[in-house]
Amino acid sequence: MEMTFAPLLPQLDVKRPLVIAGPCSAESEEQVLATGHALAQQGIKLFRAGIWKPRTKPGGFEGVGVIGLPWLQKLKAETGMLTCVEVATKAHVDAALAFGVDVLWIGARTTANPFAVQELADALAGKDVPVLIKNPVNPDIELWIGAIERIYRAGIRRIGAIHRGFSSADKTIYRNVPQWHLPIELRRRLPQLPIICDPSHISGRRDLIQPISQQAMDLGFDGLIIESHCNPDAAWSDAKQQVTPARLEEILSSLIIRNNVVHTEDLRDLRGQIDEIDDQIIGILAKRMRISREIALFKKEHSMPVLQATRYDEILTRRSEQGASLEMAPEFIKEVFEAIHAESVRKQMEILNQ
Ligand code: PEP
Ligand code: MN
């Protein structure tokens with residue numbers, strides 16, 4: 001589906017990165033105002049706070065609910081900051097809009113559920129409010145784009161995506177593994193769509209917020225959403241990943257923002273050389289596939305199985321060593337040759353079964 005997006009927040013005159021900051025959860029009027037005022041003093045224009053919290057297990061703090069919405073209204077009246085809230089049901093959308101919330105976001109667990117996203121889309125039909133859509137918890141780009149499409153079909157044109165990392169069964173240093181190739185693929189598919197990085201939920205820990213933010217900036221992300229709390233250690237949710245407004249200021253001012261796109265003769269020349277080499281690689285791959293077709297015909301004639309494990313192992317080991325001697329990571333070469341070999345086996349199987 002062809003989608004054309006409108007500028008997310010044209011009323012804000014901000015340079016990259018667009019920053020959204022605020023606590024994981026609104027806890028009390030005092031906490032919202034203390035955190036919000038400190039952030040506003042640093043020039044932060046968008047305040048986030050969870051009002052309804054999706055929790056893994058019941059019985060924990062599930063957000064203060066609608067009583068928190070007037071606190072956000074008050075912060076907005078006192079500072080002029082725009083407010084952002086997570087919505088997961090029609091009732092959330094209605095309440096947030098009734099209290100003048102400026103930006104809505106859809107959480108990762110909700111994006112993963114098309115019924116829930118459709119309910120939100122129906123609730124948003126005919127409204128004009130920016131909606132940010134977090135990636136689903138599982139690394140499924142079609143599900144992410146599907147959620148964007150559902151909101152788009154409801155008539156919302158001010159849409160942004162938030163990359164907050166993906167659940168993984170493996171133990172890693174991250175709370176949610178970034179898998180950067182997914183937001184990069186999203187950018188390729190929807191080049192106009194602003195993408196915001198959420199280093200807080202990717203990392204789950206304070207010390208990784210800065211490096212992940214820098215990585216996001218280097219990859220061309222448009223903004224950052226970072227959890228900030230006036231007293232992080234005492235936070236009612238996600239305490240380990242929240243930073244004080246003062247620390248947030250340090251993090252933001254440490255970021256190097258590379259915005260230049262320079263087109264010179266030299267760059268054009270280098271890209272020309274890359275194009276030429278890519279043409280050659282494709283030609284050579286085609287030649288390799290033709291030879292493997294001949295091998296398949298030979299194996300068929302002599303009733304040989306397609307796969308000889310020792311031969312495959314020899315190819316992978318030899319190529320990885322060759323790559324290493326030319327200063328390429330053995331894992332990279334292994335991946336390339338695994339892909340080439342898989343395609344070659346697929347082709348040979350086709351021939352064998354003709
Ligand atoms: C949040 O932003 O506080 C949140 C619950 O995030 P996610 O949906 O990414 O887990
Ligand atoms: Mn959180």
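Atoms within each ligand, like the ligands themselves, are counted from 1 in listed order. Reckoned from all heavy atoms, side chains included, excluding hydrogens, waters and symmetry mates.
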Do [X] and [Y] meet the criterion of a side-chain donor-acceptor pair at a distance under 3.5 Å?
X	Y	result
Gln118	Arg150	yes
Thr89	Glu119	no
Arg206	Gln242	no
Asp238	His229	no

Any Gly50 heavy atom less than 4.0 Å from ligand 1: no
Sub-3.5 Å N/O-N/O distance, Lys53 and ligand 1: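 N/O-N/O distance under 3.5 Å: yes.
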Polar contact flag for Ala108 and ligand 1 (N/O pairs, less than 3.5 Å):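 Checking ligand 1 against Ala108, an N or O pair does fall under 3.5 Å apart.
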Would you mind checking which non-hydrogen protein atom is closest to [atom], with the distance to 0.1 Å?
atom	value
atom 4 (C) of ligand 1	His201 NE2, 3.5 Å
atom 5 (C) of ligand 1	Glu86 OE1, 3.5 Å
atom 10 (O) of ligand 1	Arg164 NH2, 2.8 Å

Option with minimal heavy-atom separation from atom 6 (O) of ligand 1, where the choices are Lys134, Arg55, Arg109: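 Checking each option, the heavy atom nearest atom 6 (O) of ligand 1 is found in Lys134.
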Any Leu39 side-chain heavy atom under 4.5 Å of Thr79 side chain: no
Arg157 side chain vs Pro7 backbone, donor-acceptor pair below 3.5 Å: no
OE2 (Glu227) to the Mn ion (ligand 2) to NE2 (His201) angle, given to the nearest 10 degrees: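 Reported to 10°, the angle equals 90°.
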Apex the Mn ion (ligand 2) - arms OD2 from Asp238 and SG from Cys24 - angle rounded to 10°: 100°
